[in-house]
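Side chains included, hydrogens not; waters and symmetry mates left out as well; all remaining heavy atoms used. None of these values were measured; they are calculated from a predicted model.
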Amino acid sequence: MTGHPRRTALLGAAATAAAIGLPLLPRFAKAAEFTYKYGNNLPPAHPMNIAAGKAVERIREQTQGRLEIQIFPSSQLGADTDMMSQVRNGALEFYTQSGLVLANIVPVAGINGIGFAFADYDVLWAAMDGDLGARVRAEIEKVGLVPMKRIWDNGFRQITSGARPVTTPSDLNGFKIRVPVSPIWISLFKAFGASPTSMNFNEVYTALQTKIVDGQENPLTLLESAKLYEVQKYCALTNHMWDGFWFVANRRAWDRLPADVRDIAARNLDAAAMEQRAMLAEQAKSVRSKLEGFGMVFNTPDANAFRDVLKQRGFYTEWKAKFGDDAWSLLEKYTGRLG
Ligand code: X2X
């Protein structure tokens, strides 16, 4: 046996705490000048929380302990829409929020949720790191939030179900599906003839378990880290939309930080976003077979059949009018003509 067992256990606990960004006390004896909370709705094991944990650690070191960011994963501080209010009124300093949910207060932030818009990650990152993302960030700034430059990856979304697989658009007829709280999600699934129900993420597992809904849609990495495979059997690889998280700060809390501390925070958070994207890409290689190992059954529907339904039902026309020609042409600059 190597090492003292108790010491090993302590190191283990410290490593775990560091991995999810909990404060490690003795490192900087002085109390931090700024202790800020960062809330999110994802489990600690999700790459977003792992990468954020590293960023928090680096920010602590590089600011000599002046800025301490405490991570509260798994909706510990409240449901998505509650945290959105908290970060706006300053009760919460940092929050990662799906652009589509943020669209409740910043409509254009939902634009990346247009169904079947992005063919792959190359097009997507070009858009979100380019003019489309810049446009969204400019609008986010107007509601008293400060977005970091890089959006974090949630992923391309897939439809899961409990009772039977979804293979064609008509399988969604009358299908009770949980969607996040956002008009664009409701609109997309209504176009398929489904019965979408808006629900914050912290209620999803139980809603599936008690069969309040037949299914939900989320990227594979989240099915794994939130253990949704325990309560869902089938997964249709529809890639029907891409969704990511804007890392935002409350404007007043951000402005209270000295300029050098702000620079260190922004630089490390954006670097962590890039690391998080890479972690997700790496996990994408094995996550399907892991989920199959847990008993999930996959199918790959013809995405064109789904896209055609959206076209026929006027989904693209409706959302082009809502977003306006200007924003829509920024989207199509990357995706090519939609609808
Ligand atoms: O609520 C969801 O489904 C999630 C976790 O993917 C979002 O935050 C949009």
Side-chain angles (χ1 to χ4, degrees), residues 20-23 28 30-42 44 46 48-49 51-53 55-60 62-110 133-152 154 180-182 198 200-203 244-273 276:
I20 60 166
L22 296 175
F28 296 98
K30 230 172 20 150
E33 221 173 303
F34 302 92
T35 302
Y36 280 6
K37 293 182 292 297
Y38 158 42
N40 67 70
N41 64 355
L42 297 185
H46 190 279
M48 190 174 83
N49 276 312
V56 158
E57 179 90 347
R58 291 174 195 144
I59 292 166
R60 184 189 301 124
Q62 292 170 27
T63 63
Q64 270 87 45
R66 290 160 78 199
L67 174 58
E68 175 70 50
I69 301 174
Q70 299 174 328
I71 305 184
F72 295 88
S74 303
S75 306
Q76 283 172 18
L77 298 181
D80 307 327
T81 42
D82 300 324
M83 285 191 281
M84 190 158 73
S85 307
Q86 291 167 19
V87 77
R88 288 190 78 198
N89 69 27
L92 178 60
E93 290 86 6
F94 291 111
Y95 180 36
T96 35
Q97 168 77 89
S98 157
L100 278 70
V101 180
L102 198 55
N104 287 297
I105 49 172
V106 183
V108 76
R135 170 66 187 273
V136 172
R137 290 196 304 278
E139 295 296 319
I140 296 175
E141 298 248 5
K142 293 182 186 162
V143 300
L145 298 173
V146 181
M148 300 300 120
K149 256 209 171 108
R150 305 288 191 170
I151 191 166
W152 297 52
N154 189 358
V181 183
S182 175
S198 294
N200 283 312
F201 188 66
N202 60 346
E203 294 169 38
F245 295 99
W246 289 110
F247 206 114
V248 298
N250 170 273
R251 161 67 65 194
R252 288 182 309 276
W254 185 250
D255 286 348
R256 269 198 303 277
L257 299 173
D260 61 327
V261 173
R262 281 201 300 262
D263 285 350
I264 291 169
R267 182 163 17 92
N268 282 288
L269 290 171
D270 281 335
Q276 187 263 357

(request) Enter the distance from Arg137:CZ to Trp246:CH2 here, rounded to the nearest 0.5 Å. (result) 5.0 Å
(request) Drop me the distance from His46's NE2 to Phe245's CZ, to the nearest 0.5 angstrom. (result) 6.5 Å
(message) Any side-chain to backbone donor/acceptor pair from Asn104 onto Val101? Under 3.5 Å, distance only.
(response) yes
(message) Please give me the minimum heavy-atom distance between Arg262 and Asp255, naming the atom from each residue.
(response) NH1-O, 3.4 Å
(message) Counting C-beta onward and ignoring hydrogens, is there a side-chain heavy-atom pair between Asp260 and Arg66 closer than 4.5 Å?
(response) yes
(request) If the plane angle is over 60° it's perpendicular, under 30° parallel, otherwise tilted; pick one for Phe94 and Trp254. (result) perpendicular
(request) Could you tell me whether the side chains of Asn200 and Asn41 share a donor-acceptor contact shorter than 3.5 Å? (result) no
(message) I need the Glu68 CD to Lys37 NZ distance, nearest 0.5 Å.
(response) 12.5 Å
(request) Could you give me the CA-CA distance, side-chain angles and deciding distance for Met84 and Val181, then say whether side-chain contact (heavy atoms from CB on, under 4.5 Å) is met? (result) CA-CA 12 Å; Met84 190 158 73; Val181 183; over 6 Å; no
(request) Taking all non-hydrogen atoms of both residues into account, name the closest pair between Ile105 and Val143 and its distance. (result) O-CG1, 4.0 Å
(request) Work out which heavy atom in Asn250 is nearest to a heavy atom in Ala253; give both atom names and the distance. (result) OD1-N, 2.9 Å
(request) May I ask you to test the Val136-Ile151 pair for a side-chain heavy-atom distance under 4.5 Å? (result) no
(request) Give a yes or no on whether a salt bridge exists between Arg267 and Asp263, defined as a side-chain N under 4.0 angstrom from a carboxylate O. (result) no
(request) List the atom of Gly39, the atom of Met83, and the distance in Å for their closest heavy-atom pair. (result) C-SD, 3.8 Å
(request) Indicate yes or no: at least one non-hydrogen side-chain atom of Thr96 is less than 4.5 angstrom from one of Tyr38. (result) yes
(request) Check Pro44 against Ser74 and note the closest heavy-atom contact, atom names and distance. (result) CD-OG, 3.4 Å
(message) Please give me the minimum heavy-atom distance between Met148 and Ala249, naming the atom from each residue.
(response) CE-CB, 4.5 Å
(request) Starting at OG of Ser75, measure out to CG of Asn40 and round the result to the nearest 0.5 Å. (result) 7.5 Å
(message) Measuring from atom OH of Tyr95 to atom CD of Gln86, what distance do you get when rounded to the nearest 0.5 angstrom?
(response) 9.0 Å
(message) Measuring from atom CD1 of Ile59 to atom CG of Asn268, what distance do you get when rounded to the nearest 0.5 angstrom?
(response) 5.0 Å
(message) Are the side chains of Val56 and Ile71 in contact, using a 4.5 Å heavy-atom criterion?
(response) yes
